[in-house]
Structures are given as C-alpha cells and as structure tokens.
K.L.:
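Next up is a structure, given as structure tokens.
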2 protein chains.
Amino acid sequence: MKETIPKPQDTAQTKARGARIQTKSQQRRQKHKEDLRLAILDAATELFLENGYEKFSLRQVAEAVGYSPTTIYHHFQDKDELLFHVSLEGFRTFGEMLQAAYDSKENPLERLEAIGDAYIEFGLGYPVHYRLMFMQRPEMFFDGNSKKFEMPETFNDMIDSFSVLQKNVQECIDAELFQSIDSQLLSGIIWANIHGAVALCISGVGVDEGAARAINKHGHKLLIKGLQKTNPTT
Amino acid sequence: MKETIPKPQDTAQTKARGARIQTKSQQRRQKHKEDLRLAILDAATELFLENGYEKFSLRQVAEAVGYSPTTIYHHFQDKDELLFHVSLEGFRTFGEMLQAAYDSKENPLERLEAIGDAYIEFGLGYPVHYRLMFMQRPEMFFDGNSKKFEMPETFNDMIDSFSVLQKNVQECIDAELFQSIDSQLLSGIIWANIHGAVALCISGVGVDEGAARAINKHGHKLLIKGLQKTNPTT
DNA sequence: TTGACAAACTTAACACTGTTAAGTAATATA
DNA sequence: TATATTACTTAACAGTGTTAAGTTTGTCAA
C-alpha cells in the first residue's frame, strides 16, 4: 500500500546501463513526476475523505505515499493548493451532475427541479467536499480577491456549470412562466432553498437526508406556486 | 492591557498579615477565580472575533491574559470548551433576538416574518459566531451523541429560543392560515430559506448583505403565497 | 566512460499548535 | 507556625505547516 510509485533510483538501477534513448529519458522523468503527483493526489483524497478537513495533514499524506513531507512542495505550493486539487475532482462531478440535469429535460420548469435534485444529490453524496467548499474554506474557491494560487481551466469550466441554475432561471423568466421578478434575485432564492437544505443536513443540526430531500422538493413546489401569475397578463 | 487581573501573590503581599476574616478568605479566592475566568473569556472572545475560528489559539489567549497556557485548563477542560463558552454569550443574544421578534407581533404571519428578519440580522451581525455554530463546528453545539462537555442551563434555554420558529409555524397551521402541510416540514423549508440566505452571504460565495436580505424577504413572500389555500375549505 | 549539471528528494530545523505530568509558589486552615 | 489545598508554572510530548541547506539521483555532453 505504501510503495505504489517506485522511486527514481529503483527504476534506474536496472535500466541505467542501456541509456541509448535520449529524448525519452526526460519523458520518463516527467512521467514519473506526473505519476507521483497523481499518487499524492490519490493518497490525499483518501485521507481527506476519511478524516475530513480538520484532521487533514500534509505529513500524513507524505507518509502514505512513502515520501518525505517536503517532496509534496515540489508538486503543490502548499497544503491549501493540494487540498484544492483534491477537491477539484469532486467538483468536476458536481458540475457534470448539474449539466446532466440541465440536459435531461426540455421543459425549463422540469429542468429547474432536476437541477435542484442533482444539487441535493451531490451535497448529500459528497458531504466532505461540499463542506469544504461552502462551509469550511469557501474563500479557497470563491472570493477572488485573495487567490493565492492560480485556478486551472477545469475549475472555470466547473464554475460555468454552476451557473446553469441562473441560466435556467433566466429561461423560465424569458418564457414568462413566472410573475415579474428579478432573475438574479430568484436564482438566489432557489439557491438558498437548496443550499439551506443541504447545509442543514450535512452539518448535523438535526435534519436527516430524508428531511433535506423533502425540504428541497416541497420548498421548490411552494416557491413555484408562489411564482405563479395571479391574473393573466395583458 | 495585559495585567487586568492581578495574580494571587500580588493581592496577598499586602493583605496576608491581617488574616482575621476566615470565611471571606475562600470567598475572595473564589472571586479571583471567577474574575480570571471572565478575563480569559474576554480575551478569548476578542481574539476569536479578531482572528476567527481557524486562527484561534489557546496559547495566544493565555498570553493575552498574562498567564501560562496550562492555567486555562483549570477553568476550561480544553480548547473546545473555551470556544464553546466564548460563543455562548453570542448565542444568548441570538436567542433573545428571536424571542424578542416573537414577542413583537401578535399576528402569527407577521411574527413569522419578524423571526426571519431577526435571524438574518443575527447571522449577518455575528458572522463569526454563526459560522462556528452552523458551518465550522456544528457538532460542538448539536449532534448530542458526542458531547464531550456538559451544556450549561443557559444553553438549553437558548435552544428553546431557537424553537420559536417551529412553535410559530405550528401556530400558523393551527390557525389554518396555510394549506395542509406538515409542521416539521414547513419549519424546515422556512429555516432552509433563511439559513441559506445567511450562509451564502457570510461564506463569501458572492451574495452580499443586501442580496441576503432580499432573498430572505422575497423568498419568504413567495413561500407564504405558495402556502395560500387555493380553494376555500369545506 | 567520465564529469558536469540539473532535477528530485531528504534531513534538520523553525515556529507554531494543543495537551499532560511533575514540580513550585501562594494561600487557607488548623 | 506547620500542613494541606489550591493556583500556577516549567518542561516536555507529539503533533502541525513550512523553509533552507545538503544529498542523492538521472540526464546529457565531452
């Protein structure tokens, strides 16, 4: 479990003599570097999911992959960046789930519900990720003013996926399905309802998964009903 | 700023000779202990509000009150208990605000809105406290299974105040103001809406205070509208 | 094959953290 | 004044993230 990635000297002892291929040597070096980076990410992910954010430790990650703590600093500039990339994969699936929900329905109203359901499913299915992003270290992901490390392109793609909710709300409004209301505001209201359900559940304040789903479902229903036009326009 | 509470030897050096009053000696001793406890709490509160949960340090508290770190362990069993009591005072005002909101109106529907507004005001006004309780260390306050230290009576009083929302929702339902809906579920929906608004704001994901208040206000309005009976009963 | 160079990796240390055990100083009681 | 108790400190332990300096290793050219 420890010696997943063989250290450089191990691979060299056997192959060093026949050093004919020059261009591929640095390729192999780089591949090893990438492999190690992935191994670090894997071990870190496992420890993160197992112990959560509070008990997540760089040194433990290092020990898990069988390297000294300082080695990690050659692949990630600090603990936060490692943690960021660990959670990145989780949020990629978040984005995919939202996008899939958007694509799953044609009707904007049904889509809105599907997106909400997908959101809930991610929150309840990946509570450690969700807690990190929205409860424990949100400034790591949002709050652009203090970004210590650069965001990879995949992250921005992800953020785009998050905006499917706003996009869909706008589409509902454009289709004149609702009474007159600001699009941004309505997005916020729906987001608050969904995030509230997830957050109250995964923070363990007494709302179980069933209740969270029910809050989402019926809260959504009530909101939609409240958005209905009372008297036909024009 | 450091020598707020004089240490025992300082008070004794002057008064020790005339040790006539026996019963008051331990009284004075106990008073000093309580004073120190309060001084610790004060310093801890200041540091907590200043640095937040992540950077809150026992040793810094000790230095601030001018005692060694171990002294704190004579007044609080560990860092968590100190933090708990630091936040307790904040949440006392939370409970009072909710109770005051409940008392401020006669009409259950107006009360519901008042409670929501009070909740928002606390969340936005005491973000460090709110974050600790609902986002960073909720298990310290809820999640009865793993209570390491005992809760003081004042805490239980506080928790009672939190239930004014549930109580008021029940009253609305009893007054047949809404369509048929489970009281627990509706409480959850309203709570999710309010908590969602607060949480999205104070976690810095892009919802400012004005938006949070708007989400609460209009979200509440939509929910109430959605709860209206469509056709008169009986 | 050998030597130089750069990359990879480790050791040692720093400055912190919470927490405990053991010992000292101060006070209250007899 | 002696004794017990309480208050408090010192020293240490086992951790943490992070940095500087040094060593090992792999690569490439002479």
Side-chain angles (χ1 to χ4, degrees), chain A residues 5-37 39-40 44 47 51 53-63 65-83 148-149, chain B residues 5-37 39-40 44 47 51 53-63 65-83 148-149:
Chain A
I5 301 290
K7 302 192 184 184
Q9 66 265 32
D10 296 340
T11 61
Q13 276 180 355
T14 52
K15 297 182 179 177
R17 299 298 168 225
R20 250 177 299 176
I21 325 112
Q22 297 96 337
T23 48
K24 291 207 171 176
S25 48
Q26 57 185 4
Q27 247 179 51
R28 194 179 54 208
R29 210 186 174 101
Q30 187 177 334
K31 194 197 172 289
H32 176 268
K33 181 159 187 173
E34 284 164 5
D35 285 356
L36 179 51
R37 187 192 153 92
I40 292 172
L47 286 168
N51 305 328
Y53 167 67
E54 298 250 5
K55 292 176 185 169
F56 181 75
S57 153
L58 249 191
R59 293 177 112 104
Q60 274 180 39
V61 172
E63 199 184 10
V65 291
Y67 283 79
S68 78
T70 47
T71 299
I72 295 181
Y73 286 85
H74 287 104
H75 298 86
F76 303 94
Q77 74 171 58
D78 60 7
K79 188 190 179 185
D80 275 6
E81 206 197 14
L82 172 57
L83 212 42
K148 294 192 301 181
F149 41 84
Chain B
I5 301 290
K7 302 192 184 183
Q9 65 266 31
D10 297 340
T11 61
Q13 276 179 355
T14 52
K15 296 181 180 177
R17 297 296 167 230
R20 250 176 300 174
I21 326 109
Q22 297 96 338
T23 49
K24 290 205 171 177
S25 48
Q26 58 185 2
Q27 247 180 50
R28 194 180 55 209
R29 209 185 176 104
Q30 187 175 334
K31 192 195 173 293
H32 175 267
K33 180 159 189 174
E34 283 165 6
D35 285 355
L36 179 51
R37 186 192 154 91
I40 292 172
L47 286 168
N51 304 328
Y53 167 67
E54 298 251 4
K55 291 176 185 170
F56 181 75
S57 151
L58 249 190
R59 292 178 113 105
Q60 274 181 37
V61 173
E63 198 184 11
V65 292
Y67 283 80
S68 76
T70 46
T71 299
I72 294 180
Y73 286 86
H74 288 102
H75 298 86
F76 304 94
Q77 75 170 57
D78 61 7
K79 189 190 179 186
D80 275 6
E81 206 197 12
L82 172 58
L83 211 44
K148 293 192 303 181
F149 42 84

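No experiment lies behind these values; they were computed from the predicted model shown. Heavy-atom basis, side chains included; hydrogens, waters and symmetry copies ignored. Chain A is the first sequence line, chain B the second, and so forth, proteins listed ahead of strands; every chain is numbered from 1.
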K.L.:
Between C/dT17 and B/Q60, is there an OP1 or OP2 to side-chain N/O distance shorter than 4.0 Å?
P.N.:
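For C/dT17, OP1/OP2 do have a side-chain N/O of B/Q60 under 4.0 Å.
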K.L.:
What integer distance in Å separates A/H75:NE2 from C/dC9:P?
P.N.:
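Distance check: A/H75 NE2 to C/dC9 P gives 6 Å.
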K.L.:
Classify A/E54 by what it touches in the nucleic acid, base, sugar-phosphate, or nothing, heavy-atom distance under 4.0 Å.
P.N.:
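Answer is nothing: A/E54 stays at 4.0 Å or more from every strand.
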K.L.:
Would you indicate which nucleotide in C/dC9, D/dT9, C/dT19 comes nearest to any side-chain atom of B/D78?
P.N.:
C/dT19
K.L.:
In this structure, how many angstroms lie between the P atom of D/dG26 and the CG atom of A/L36, rounded?
P.N.:
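Atom CG in A/L36 sits about 14 Å away from atom P in D/dG26.
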K.L.:
Provide, to the nearest angstrom, the distance between the CD1 atom belonging to A/I72 and the C1' atom belonging to C/dT10.
P.N.:
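It works out to 13 Å between those atoms.
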K.L.:
Write down the distance between CZ (B/F76) and P (D/dC8), rounded to a whole number of angstrom.
P.N.:
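In whole Å, D/dC8 P lies 13 Å from B/F76 CZ.
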K.L.:
Closest-nucleotide mapping onto DNA chain D: is A/H74 or A/P69 further toward the 5' terminus? I mean the 5' end.
P.N.:
A/P69
K.L.:
Side chain to side chain contact (heavy atoms under 4.5 Å, CB included) with A/I72: which of A/D78, A/L82, A/L36, A/V65?
P.N.:
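Of the listed residues A/D78, A/L82, A/L36, A/V65, the side chain to side chain contact (heavy atoms under 4.5 Å, CB included) partner of A/I72 is A/L82.
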K.L.:
Measure CD/A/E81 against P/D/dT18 and give the value in whole Å, please.
P.N.:
11 Å
K.L.:
Can you find a heavy atom in the side chain of B/F56 that is under 4.5 Å from one in the side chain of B/V61?
P.N.:
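Touching, per the 4.5 Å side-chain cut-off.
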K.L.:
Closest approach to the side chain of B/Y73, judged atom by atom: which nucleotide of D/dA11, C/dT10, C/dG18 is it?
P.N.:
C/dG18
K.L.:
Do any side-chain nitrogens or oxygens of B/Q77 fall under 4.0 Å of OP1 or OP2 in C/dT19?
P.N.:
no
K.L.:
With respect to the side chain of B/K79, which nucleotide from D/dC8, C/dT19, C/dC9 is positioned closest?
P.N.:
C/dT19
K.L.:
Within the pair A/S68 and C/dC9, is there a side-chain N or O less than 4.0 Å away from OP1 or OP2?
P.N.:
no
K.L.:
How far does CG of A/L47 sit from NZ of A/K55, to the nearest 0.5 angstrom?
P.N.:
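Answer for the CG-NZ pair, A/L47 versus A/K55, is 12.5 Å.
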K.L.:
Return no unless some side-chain N or O of A/S57 is found under 4.0 Å from OP1 or OP2 of D/dT16.
P.N.:
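Yes.
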K.L.:
Does any N or O donor sit under 3.5 Å from an N or O acceptor when you compare the side chain of A/R59 with the base of D/dG15?
P.N.:
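Checked by distance alone, the answer is no.
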K.L.:
What integer distance in Å separates A/F149:CZ from D/dT18:P?
P.N.:
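Distance, rounded to whole Å: 11 Å.
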K.L.:
To the nearest 0.5 angstrom, please state how far the NE2 atom of B/H75 sits from the CD atom of B/E34.
P.N.:
9.5 Å
K.L.:
How long is the straight-line distance from NE2 of B/H32 back to CG of B/D35, given to the nearest 0.5 Å?
P.N.:
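Rounded to the nearest 0.5 Å, the CG-NE2 separation comes out at 7.0 Å.
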K.L.:
Kindly point out which of C/dC9, D/dC8, C/dA21 is positioned nearest to the side chain of B/T70?
P.N.:
C/dA21
K.L.:
Can you tell me if B/T71 touches the phosphate of D/dT9, counting only side-chain N or O atoms and a distance under 4.0 Å to OP1 or OP2?
P.N.:
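B/T71 to D/dT9 OP1/OP2: side-chain N or O found under 4.0 Å.
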K.L.:
Report the distance from atom CG of A/L58 to atom P of D/dT19, rounded to the nearest whole Å.
P.N.:
11 Å
K.L.:
Would you kindly give the CZ-to-P distance between A/R37 and C/dA8, to the nearest whole Å?
P.N.:
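Rounded to whole Å, this separation is 13 Å.
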